[in-house]
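Reading through the structure tokens given below for one structure.
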2 protein chains.
Amino acid sequence: MTALLLIIVGGLCAVAYGVVTIRDVMRRDAGTQRMQEIAGAIAEGAQAYLKRQYATIGIVGLVLFVLLAWFLGIKVAIGFLIGAVLSGAAGFIGMNVSVRANVRTAQAATTSLGGGLEVAFKSGAVTGMLVAGLALLGVALYYLFLTRGAGLAPGSREVIDALVALGFGASLISIFARLGGGIFTKGADVGGDLVGKVEAGIPEDDPRNPATIADNVGDNVGDCAGMAADLFETYAVTVVATMVLAAIFFAGNAPVLEAMMLYPLAIGAACIVTSIAGTYAVKLGANQSIMGALYKGLIAAGVLSIVAIALVNLALFGGFSTSFTTNTGLTFTSGALFGCAVLGLVITALIVVITEYYTGINFRPVKSIATASVTGHGTNVIQGLAISLESTALPALVIVAGIIATYALAGLFGIAIAVTAMLALAGFIVALDAFGPVTDNAGGIAEMSGLPSEVRKATDALDAVGNTTKAVTKGYAIGSAGLGALVLFAAYTSDLNYFIAHASPTQYRFFQGVSVDFSLSNPYVVVGLLLGGLIPFLFAGIAMTAVGRAASAVVEEVRRQFRAKPGIMQGTDRPDYGRAVDMLTRAAIKEMVIPSLLPVLTPIVLFFVIQAIAGKSQAFATVGASLLGVILTGLYVAISMTSGGGAWDNAKKFIEDGHHGGKGSDAHKAAVTGDTVGDPYKDTAGPAVNPAIKITNIIALLLLAVLAHA
Amino acid sequence: MTALLLIIVGGLCAVAYGVVTIRDVMRRDAGTQRMQEIAGAIAEGAQAYLKRQYATIGIVGLVLFVLLAWFLGIKVAIGFLIGAVLSGAAGFIGMNVSVRANVRTAQAATTSLGGGLEVAFKSGAVTGMLVAGLALLGVALYYLFLTRGAGLAPGSREVIDALVALGFGASLISIFARLGGGIFTKGADVGGDLVGKVEAGIPEDDPRNPATIADNVGDNVGDCAGMAADLFETYAVTVVATMVLAAIFFAGNAPVLEAMMLYPLAIGAACIVTSIAGTYAVKLGANQSIMGALYKGLIAAGVLSIVAIALVNLALFGGFSTSFTTNTGLTFTSGALFGCAVLGLVITALIVVITEYYTGINFRPVKSIATASVTGHGTNVIQGLAISLESTALPALVIVAGIIATYALAGLFGIAIAVTAMLALAGFIVALDAFGPVTDNAGGIAEMSGLPSEVRKATDALDAVGNTTKAVTKGYAIGSAGLGALVLFAAYTSDLNYFIAHASPTQYRFFQGVSVDFSLSNPYVVVGLLLGGLIPFLFAGIAMTAVGRAASAVVEEVRRQFRAKPGIMQGTDRPDYGRAVDMLTRAAIKEMVIPSLLPVLTPIVLFFVIQAIAGKSQAFATVGASLLGVILTGLYVAISMTSGGGAWDNAKKFIEDGHHGGKGSDAHKAAVTGDTVGDPYKDTAGPAVNPAIKITNIIALLLLAVLAHA
């Protein structure tokens with residue numbers, strides 16, 4: 001009980017940090033009247049979009065709430081609600097801070113680069129801590145209620161189902177928010193760039209471009225709110241999956257089971273505190289290296305986390321040499337679990353470094369794309385695609401090494417603890433990411449309100465680092481899914497085995513006589529791998545089409561405004577910013593529904609189709625294999641898209657820094673094309689693959705629960 | 001014995017068709033002096049390239065020959081040699097016909113579209129029949145020698161190892177030829193287009209472009225010789241894998257075993273005859289539909305093949321109701337096997353139709369890319385990528401349905417027979433493909449020698465269909481790999497089980513105490529899936545980089561020539577075509593080596609690394625899983641690249657036909673960019689994934705054989 005209360009205190013620290021830091025940010029100078037007007041328009045558009053988005057998700061959510069309550073009981077339905085509401089809240093609050101911090105960042109950047117970095121990073125840190133804190137609080141408080149309030153046994157099926165449903169609620173928000181926000185932001189960005197930069201020859205964020213406010217709205221609803229929902233989900237699902245595994249591996253061994261179920265929560269709580277401490281280490285050094293400043297914070301958070309997790313080990317297990325035996329017969333020590341957690345942190349560090357290499361402005365990949373731009377649009381895109389494909393190799397090797405090492409230390413539970421430790425740093429990693437859209441917006445506001453060009457230079461420098469940190473978060477989220485592949489699959493197979501073992505004419509009747517063969521020699525396993533593997537490709541294809549369509553609509557709208565009001569280009573007439581925002585809102589909401597339902601419905605349809613063809617046992621094998629299939633291709637599709645997109649964006653920035661002819665050169669035009677292509681890659685299709693993977697897995701678990709109740 | 005002789009007669013029919021048709025083609029009018037000069041330059045460049053390529057492969061091949069002879073005996077080494085030499089011969093002869101047919105096609109097109117189609121298709125059919133015929137003859141004659149000449153038992157390990165080595169020889173040529181040829185052709189195409197069409201504003205194949213001969217050489221060495229080697233390999237490996245399965249499933253049951261090992265060869269022989277018959281049905285109808293004419297031939301070949309396979313069933317099994325039982329206990333009838341073969345033909349038909357939908361000029365996908373071109377380079381590429389991702393879905397569903405249906409009919413052997421029947425039509429399918437580069441060349445010759453614009457129009461119409469048929473062959477080859485995934489995996493597991501079961505201190509010592517768990521719950525299976533899945537991504541990334549680098553070099557060279565000889569653009573000075581050809585030859589040979597070795601070395605390195613970490617049993621599990629992993633992602637990567645690339649190319653052609661502003665419009669410029677990006681997608685990286693998959697599988701089988709001899 002003490003441990004659980006301490007965990008909740010850890011979660012509350014994050015909320016407290018949020019409140020204090022919001023106040024700090026809001027106290028900063030909000031700039032001139034013109035700057036505030038622009039920021040106001042951005043905030044208004046972002047809030048209008050999020051309200052519409054949440055209203056739409058609300059309808060789907062309500063239907064699912066009723067279905068869950070009907071099939072699995074009210075505790076499961078409430079779990080779902082908690083996950084959905086908290087995920088939405090993290091995104092909503094984060095975005096609201098973001099749309100106020102943007103103008104303050106621009107104003108702070110008028111004084112110094114360090115000032116701009118401080119405001120932007122603090123605002124990002126609010127989002128980061130709220131994501132981690134609310135996710136932890138949601139799981140911990142509901143677990144407290146279920147086990148203490150409702151008096152359920154910690155590892156009972158009711159507790160497991162309710163926690164899985166909490167993950168499902170988070171996943172549902174996440175997939176809609178990632179896709180809807182992604183389509184909005186990249187529709188605006190691509191459309192605005194094509195008609196503004198390429199056709200009209202006006203710079204990015206020029207106030208004469210009718211799509212410019214929409215572009216800045218998009219940064220907030222996609223890169224901030226959408227990303228926050230995604231990481232909230234990744235965090236919640238990982239913690240829940242680890243708790244489920246603990247419940248399975250230590251069933252019947254009450255004291256150990258309780259400690260093992262609390263261990264992931266305790267790691268989360270400890271690392272929230274260290275992440276907060278890390279934010280105070282982010283300070284621009286004398287060399288003015290922004291990435292260096294962020295690294296200082298990350299290293300501080302990481303090193304402190306090792307100490308903090310060691311303390312958790314002492315508190316929960318009394319040290320490092322306590323020995324445990326799972327009911328599958330595997331024995332490991334608490335020290336081995338600590339080793340797995342440290343490996344999780346090492347994997348995080350390696351993914352950050354690799355992503356920086358592939359997307360950072362100072363290394364071969366980005367420079368090679370910039371060089372290829374000299375020979376035209378085609379070679380820029382070819383080289384960008386080449387880099388995007390190549391960038392999958394090192395993260396995959398790191399993940400594979402992680403699986404092998406942590407499995408050797410403590411089996412599947414060791415892998416789960418490593419993923420938990422990876423995600424425990426989410427507060428800090430999201431902070432790194434969420435500062436990107438703030439600086440992007442700050443640059444826009446600086447441009448539109450005519451601030452001196454040095455301000456734009458400072459915000460551009462911050463933005464270039466933002467491209468890398470945005471890619472980092474995505475690589476980190478998808479990397480945790482890859483490392484956790486076996487954990488999610490184990491949750492499915494363990495549940496399945498449990499139902500099969502306890503099936504009788506009075507209980508779990510559906511599972512009577514079921515016997516599942518997960519060997520690669522079973523053709524239905526190969527069918528499952530193939531069909532699961534298809535999801536990321538098809539899903540990404542639909543998402544790319546949606547962005548293309550939204551962007552084309554923006555281009556038409558902007559051209560129409562230029563024709564209708566020729567004064568816009570002379571600066572004598574004001575464009576109608578609201579129309580572009582409205583149009584994109586409708587387009588994004590409409591386009592997000594079908595692809596979001598693809599990963600939700602696939603496991604269900606797959607199960608019943610294969611059941612009709614080949615019976616229950618093969619249907620369970622197919623669905624199980626599809627869970628690994630979706631991770632297998634999803635990992636590569638997502639990493640290639642997010643790293644490739646980041647590299648394209650920074651190759652353009654590299655040229656804008658004066659290389660290969662600089663702004664306005666033919667190489668720059670080619671680089672703008674590459675950046676445009678990379679936009680939906682890195683900000684719509686790629687990142688949405690991660691929630692798509694998770695939701696497929698969660699749906700499969702819920703399907704088992706529903707069949708068990710049938 | 002009679003059956004085997006009849007099979008050999010079938011193979012000889014293909015050779016006879018080749019000889020007769022070559023004569024027929026060579027009798028045609030070769031056009032004007034100028035046309036012959038140009039064709040001569042193309043032929044010279046192509047031969048020079050192929051000689052260099054084969055010389056390089058020869059060195060690698062010699063080393064492997066010695067290694068195989070040392071480790072596995074001379075019969076295995078000779079099998080390797082046969083596969084390599086025949087694969088090379090099919091490509092070499094096909095290319096030599098192609099470089100003579102191009103000019104005759106251009107000349108025939110001056111009279112009528114139908115005339116051009118006839119010459120081009122006949123020349124393609126020579127390559128097609130040689131591919132199928134030589135592959136069949138190679139396997140059948142060596143099998144005849146081993147079982148009759150050397151007196152080995154049909155299903156003995158010596159025979160299996162020797163046949164697998166024959167597949168390895170074919171695979172080795174194939175991966176080098178696909179990559180080397182692909183880098184050459186797309187380096188020339190991309191580089192030539194960028195500097196010619198985009199920079200200098202001169203049309204494709206304009207004689208003033210110094211890269212234009214190299215571009216046409218590339219069509220022959222990549223799309224003709226490279227493709228022929230690829231399909232030769234796919235054919236040979238499929239037939240060999242099916243024979244290996246027959247040997248395993250019917251070991252100890254001599255009369256059935258012999259019939260089952262001959263069945264795939266007999267299907268191959270029968271379908272060569274029907275494919276030849278099908279070529280005579282290719283005739284341009286009154287509606288002048290080229291695709292329609294080709295469909296007539298394909299339908300004729302397909303329907304006749306059903307009849308022919310029925311006759312094979314009668315001859316080998318006495319009908320459709322003979323019942324067989326494998327030594328795994330599965331019973332099926334000869335009618336079920338016939339059903340599987342028919343399903344193989346149906347799958348082929350479906351893949352052709354789906355590929356036509358995604359790459360044909362009259363359907364939504366290509367039109368959507370053309371429409372997206374109106375809003376610029378960026379939206380063109382985004383929509384092209386979206387289509388490329390989406391295009392994987394229907395083929396995957398067809399393959400999955402094929403696996404389920406054929407497995408239900410006759411288990412794994414049923415799947416193998418379906419793949420064999422698919423590949424049995426290779427003669428005709430390759431004919432469809434190989435006519436593409438001939439028409440592409442004919443267009444180039446027409447342009448360079450100043451033939452009237454109607455000729456170019458006719459060759460362009462043929463070329464547009466060629467883009468679709470080229471995508472068809474690639475989808476077909478990779479689709480057969482997807483369908484055959486379980487067959488290749490089964491060959492590995494069956495071999496492995498055989499060695500484990502027969503391991504003793506005196507024989508197969510290495511396999512003593514080995515026990516392999518291929519369940520998805522084994523983390524090393526997931527590690528294998530992940531690492532196998534990485535190969536297509538990394539391999540494609542390296543190939544794309546190689547093309548980008550070769551293209552950039554071409555751009556620099558062409559720019560240099562334009563600067564050094566300003567008379568070139570005025571038409572008063574002749575460009576130095578030879579330098580571009582030379583440069584590309586060196587670049588392609590150099591660039592092909594590293595990526596080709598990736599799939600060759602991966603299984604070996606993987607085995608020994610995992611053995612060191614986790615022991616032999618897990619090493620075998622990891623390598624086995626990697627074989628499925630490489631197919632799983634390879635299927636999607638290859639289909640998306642080949643269909644996407646075809647769609648981009650035809651979107652450009654659609655615009656050139658006068659839509660969205662036609663040639664020279666901004667939409668056209670954007671479409672040229674898309675086509676450029678699609679080039680290495682569809683002609684280098686995508687198609688090379690297929691041999692990469694096969695070679696990984698073959699190397700794993702040979703690794704087992706070597707370890708068994710250790």
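First the proteins, then the strands, lettered A, B, ... as listed; each starts at 1.
Counting only heavy atoms from C-beta outward, the side chains of Leu397(A) and Leu531(B) approach each other to under 4.5 Å.
For Phe539(A), no part lies near chain B; criterion is any non-hydrogen pair under 4.5 Å. Of the two parts of Ala393(A), the backbone and the side chain both hold a non-hydrogen atom closer than 4.5 Å to a non-hydrogen atom of chain B. Only the side chain of Val190(A) comes within contact range of chain B, with heavy atoms under 4.5 Å apart. Using a 4.5 Å cut-off between heavy atoms, Leu412(A) makes no contact with chain B at all. Using a 4.5 Å cut-off between heavy atoms, Ile535(A) makes no contact with chain B at all. Using a 4.5 Å cut-off between heavy atoms, Pro680(A) contacts chain B through its side chain alone, with no backbone atom that close. Proximity to chain A is absent for every atom of Ile631(B), based on heavy atoms less than 4.5 angstrom apart. When heavy atoms are compared at a cutoff of 4.5 Å, Phe489(A) approaches chain B solely by way of its side chain, counted from C-beta outward. In this structure, chain B has a heavy atom under 4.5 Å from the side chain of Arg559(A), while its backbone stays farther away. Looking at Leu529(A), the atoms closer than 4.5 Å to chain B (heavy atoms on both sides) sit in the backbone and in the side chain alike. In this structure, no portion of Ile387(B) lies under 4.5 Å from any heavy atom of chain A. Contacts of Leu534(A) with chain B are made by both backbone and side-chain atoms, with heavy-atom separations under 4.5 Å. Residue contact with chain B, scored on non-hydrogen atoms closer than 4.5 Å, involves the backbone and the side chain of Ala625(A) alike.
Looking only at heavy-atom pairs under 4.5 Å with chain A, the residue among Ala614(B), Gly376(B), Ser552(B), Gly548(B) that has the most is Ser552(B). Residue with the most contacts toward chain B among Thr673(A), Thr493(A), Ile399(A): Thr673(A) (heavy-atom pairs, distance under 4.5 Å). By number of non-hydrogen pairs under 4.5 angstrom with chain A, the leading residue of Phe518(B), Tyr407(B), Tyr636(B) is Tyr636(B). Note: Leu628(A) leads Asp679(A), Leu628(A), Asp666(A) in heavy-atom pairs under 4.5 Å with chain B. For the set Val525(B), Ile610(B), Val374(B), Leu385(B), the count of heavy-atom pairs under 4.5 angstrom toward chain A peaks at Leu385(B). Most heavy-atom pairs under 4.5 Å with chain A: of the set Thr676(B), Leu194(B), Thr375(B), this distinction falls to Thr375(B). Highest contact tally toward chain A, considering only Leu538(B), Val381(B), Leu486(B), Asn522(B), is held by Leu486(B) [criterion: heavy-atom pairs under 4.5 Å]. Most heavy-atom pairs under 4.5 Å with chain B: of the set Ala685(A), Pro523(A), Ala670(A), this distinction falls to Pro523(A). Chain A forms more heavy-atom pairs under 4.5 Å with one residue of Val547(B), Val637(B), Val526(B) than with any other, namely Val526(B).
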Is there a side-chain contact (heavy atoms from CB on, under 4.5 Å) between Ile404(B) and Tyr524(A)? Walk through the geometry before answering. CA-CA 8 Å; Ile404(B) 292 176; Tyr524(A) 284 94; 3.4 Å; yes

Run the side-chain contact (heavy atoms from CB on, under 4.5 Å) test on Leu520(A) and Leu520(B) for me, step by step, so that the C-alpha distance in whole Å, both residues' side-chain angles and the decisive distance to 0.1 Å come before the verdict. CA-CA 7 Å; Leu520(A) 293 178; Leu520(B) 293 178; 3.7 Å; yes

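For the residue pair Gly541(A) and Ala386(B), the shortest heavy atom distance occurs at O-CB, 3.5 Å.
Here the straight-line distance linking atom CD1 of Ile403(A) with atom CG of Leu530(B) works out to 5.5 Å at 0.5 Å rounding. Here the OG1-CD distance, from Thr545(B) to Gln383(A), works out to 4.5 Å after rounding to the nearest 0.5 Å. Atoms CG and OG1, on Asp193(A) and Thr379(B) in that order, are 11.5 Å from each other to the nearest 0.5 Å. How far CZ of Arg549(A) is from OG of Ser368(B): 9.5 Å, rounded to the nearest 0.5 Å.
Taking a 6.0 Å sphere around CD1 of Ile594(B), one finds it holds 12 or fewer heavy atoms contributed by other residues, nucleotides or ligands.
Ring planes of His377(A) and His377(B): parallel class, angle under 30° (limits at 30 and 60°).
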